[in-house]
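Structure first, then comments.
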Amino acid sequence: MPRLPALILIAVSAACSLHTPEAARLTPAPPPPSSDLTSAGQILFLVVGDAGRGNDAQLQVGRRMAAVCAERRPGKGCDFALAPGDLIYNDGVRGVDDPKFRSHFETPFQDLGKLPFWSVPGNHDWHAAGSVQAQIDYTTRSERWRMPFNHFSIPRLPQWLHIYGVDTAVMDDIRHASGEDLRTLSGLREKQLQAAREALCGKSGWRLLFGHHPVYSSGQHGWERGQQGKAPHIAAALEPLIRGCEVQVYFAGHDHMQEHISVEEPRYQQIIQGAGAEFRTNSRRIGAMSRFLAEKLGFALVTAGPKEMKVEFFAPGESAPVYTVPITQ
């Protein structure tokens with residue numbers, strides 16, 4: 001009995017161990033195949049986050065996504081999807097041959113054919129050692145999984161569209177780190193942000209960002225640790241980038257709901273799509289900046305042209321969009 005507290009301490013310590021410093025040793029995948037969209041006058045893409053559960057809800061979402069793409073562009077469908085993290089629950093994968101790649105991704109989204117899913121890690125994807133490297137490596141095995149690195153620019157887009165994906169789990173874990181881990185993660189954060197600046201700043205047209213953790217949220221993560229609807233450590237990392245590069249839209253997940261937040265300073269729109277496989281009903285609205293909140297399964301469809309963009313929220317079982325937001329430059 002006297003040894004029990006020590007055992008509990010060891011268990012807690014192990015549960016809280018950080019794997020995100022492994023990002024310093026990640027090896028990029030060879031450039032994956034991608035459609036040449038450089039001459040496109042309109043781009044249609046999906047946004048679906050926190051989807052990797054391999055459950056019936058994810059299958060419903062996948063089928064509705066396929067149906068919407070077929071309806072909006074018969075014979076061709078959508079161009080690609082953005083997957084802002086938590087791709088494989090609960091703890092990522094154990095290797096490139098992990099059967100969860102099939103059960104938690106390939107099968108639920110099979111109705112979408114070879115539609116590429118450009119994906120960045122979420123916190124759950126980092127839970128197991130080696131998980132994110134395996135997800136990067138799986139890019140060479142799959143016809144639709146696309147994670148060339150833990151942060152990257154989507155290639156071969158029109159000159160009026162620029163999209164960068166960031167690994168916010170690295171940024172989020174800085175608050176838990178100390179010593180060498182803190183120095184490593186701080187350096188990795190700055191490398192990501194510099195790469196994103198080079199990809200977005202000064203570019204014409206749309207400058208879009210996607211990552212797992214939202215800056216603002218009415219969901220449970222927006223209120224944890226007394227955050228009052230804002231994650232200060234994520235804001236400190238991303239909002240200078242958003243301001244400096246005049247990013248118009250940030251797509252995130254993490255909270256299991258759908259939400260549109262209009263931020264005044266710096267001015268940008270934040271879209272949360274974290275209900276790809278489950279939803280929660282414990283949200284607390286953060287005020288007028290939260291323009292729409294849906295505690296239901298779903299995803300977004302983005303229709304983008306050189307000057308105008310439309311983001312529509314969808315839910316399985318509902319034929320019409322549950323919410324639409326037009327965005328102009």
Side-chain angles (χ1 to χ4, degrees), residues 31-52 54 56-85 87 101-102 104-120 138-139 141-148 152-163 165 205-206 208 210 249 251 253 258 271 273 275-277 297-327:
S34 59
S35 300
D36 186 355
L37 301 172
T38 54
S39 61
Q42 184 185 73
I43 297 291
L44 269 67
F45 65 90
L46 300 161
V47 185
V48 59
D50 301 73
D56 184 64
Q58 184 185 3
L59 185 61
Q60 291 178 44
V61 170
R63 287 173 175 167
R64 187 72 184 106
M65 289 164 63
V68 167
C69 288
E71 291 165 4
R72 292 304 177 87
R73 192 186 274 167
K76 182 179 179 181
C78 294
D79 294 301
F80 56 86
L82 302 183
L87 309 166
F101 279 118
R102 179 153 300 278
H104 288 50
F105 175 72
E106 302 285 1
T107 298
F109 293 135
Q110 61 188 354
D111 288 354
L112 286 152
K114 297 180 181 180
L115 185 80
F117 279 67
W118 295 98
S119 308
V120 290
Y138 188 67
T139 298
R141 302 280 192 94
S142 173
E143 294 182 316
R144 60 173 71 93
W145 179 284
R146 297 289 179 267
M147 188 190 289
F152 56 86
S153 181
I154 296 180
R156 307 181 79 184
L157 295 178
Q159 62 180 1
W160 49 265
L161 179 61
H162 312 274
I163 305 177
W206 296 105
L208 312 180
F210 74 106
V249 188
F251 298 96
Q258 304 183 67
I271 306 296
Q273 286 293 337
L297 291 172
F299 60 94
L301 173 71
V302 181
T303 304
K307 296 296 183 182
E308 296 182 344
M309 178 182 296
K310 178 173 64 175
V311 183
E312 299 171 275
F313 291 18
F314 286 88
E318 300 193 33
S319 58
V322 297
Y323 177 71
T324 299
V325 51
I327 305 172

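- Distance check: L301 CG to C69 SG gives 6.0 Å after rounding to the nearest 0.5 Å.
- Atom CG of L115 sits about 14.0 Å away from atom CD of Q110, to the nearest 0.5 Å.
- Relative ring orientation between F101 and W145 is described as perpendicular, the plane-to-plane angle rising above 60° on a 0-90° scale split at 30° and 60°.
- Counting heavy atoms from C-beta on, the side chains of M65 and F109 come closer than 4.5 Å.
- Shortest non-hydrogen contact noted between D111 and A66 is O-CB, 3.5 Å.
- Within the 4.5 Å cutoff, the side chain of F117 has no heavy atoms near those of the L87 side chain.
- For the pair E308 (side chain) and I327 (backbone), a donor-acceptor distance under 3.5 Å is absent.
- Within the model, atoms CD1 of I271 and CG of L82 stand 12.0 Å from one another, a figure rounded to the nearest 0.5 Å.
- Heavy atoms only, all atoms of each residue included: G276 and V48 are closest at CA-CG2, 3.8 Å.
- At least one donor-acceptor pair closer than 3.5 Å links the side chain of D79 to the backbone N or O of L44.
- Panel note: side chain T107, backbone R102; a donor-acceptor pair is recorded below 3.5 Å.
- The minimum heavy-atom distance between K310 and E312, with the atom names listed, is CE-OE1, 3.6 Å.
- Residues V322 and A315 approach most closely at CG1-CB, 4.3 Å, considering heavy atoms.
- The environment of CD in E143 is sparse: at most 12 heavy-atom neighbours from other residues, nucleotides or ligands sit within 6.0 Å.
- Formation of a donor-acceptor pair under 3.5 Å by the R146 side chain with backbone atoms of A81 is not found in this model.
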Exercise. Between R144 and E106, does a salt bridge (charged side-chain N to carboxylate O under 4.0 Å, His left out) hold up when you go through it step by step?
Worked result: CA-CA 8 Å; R144 60 173 71 93; E106 302 285 1; 2.4 Å; yes

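- Judged by distance alone, the side chain of Q42 and the main-chain N or O of A304 form no donor-acceptor pair under 3.5 Å.
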Exercise. Where do V47 and V302 land on the side-chain contact (heavy atoms from CB on, under 4.5 Å) test, with the steps shown first?
Worked result: CA-CA 8 Å; V47 185; V302 181; 4.1 Å; yes

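- Note that CZ of R63 is 11.5 Å distant from CG of L112, once rounded to the nearest 0.5 Å.
- Considering only heavy atoms from C-beta on, V249 comes within 4.5 Å of M309 through its side chain.
- With contacts defined as side-chain heavy-atom distances shorter than 4.5 Å, the pair P158/T38 does not qualify.
- We find the CZ-OG distance between R156 and S35 to be 7.5 Å, quoted to the nearest 0.5 Å.
- Below 30°, between 30° and 60°, or above 60°: for F314 and F299 the angle between ring planes is below 30°, a parallel geometry.
- You'll find the ring centres of F313 and Y323 inside the 6.0 Å limit.
- When side chains are defined from C-beta on, L46 does not count as touching F80, because their heavy atoms never get closer than 4.5 Å.
- Side-chain contact check for V311 versus T303: every heavy-atom pair is 4.5 Å or farther apart.
- Nearest heavy atom pair, residue P84 against residue G49, reads CD-CA, 3.8 Å.
- Residue-environment remark: CZ (R72) exceeds the threshold of 12 foreign heavy atoms within 6.0 Å.
- Taking the six-membered ring wherever Trp is involved, the centroid distance between the rings of F45 and W118 does not fall below 6.0 Å.
- Of the inter-residue distances, the one linking S142 atom OG with K114 atom NZ reads 10.5 Å to the nearest 0.5 angstrom.
- Of all non-hydrogen atoms in H104 and Q58, the two that sit nearest each other are O-NE2, 2.9 Å.
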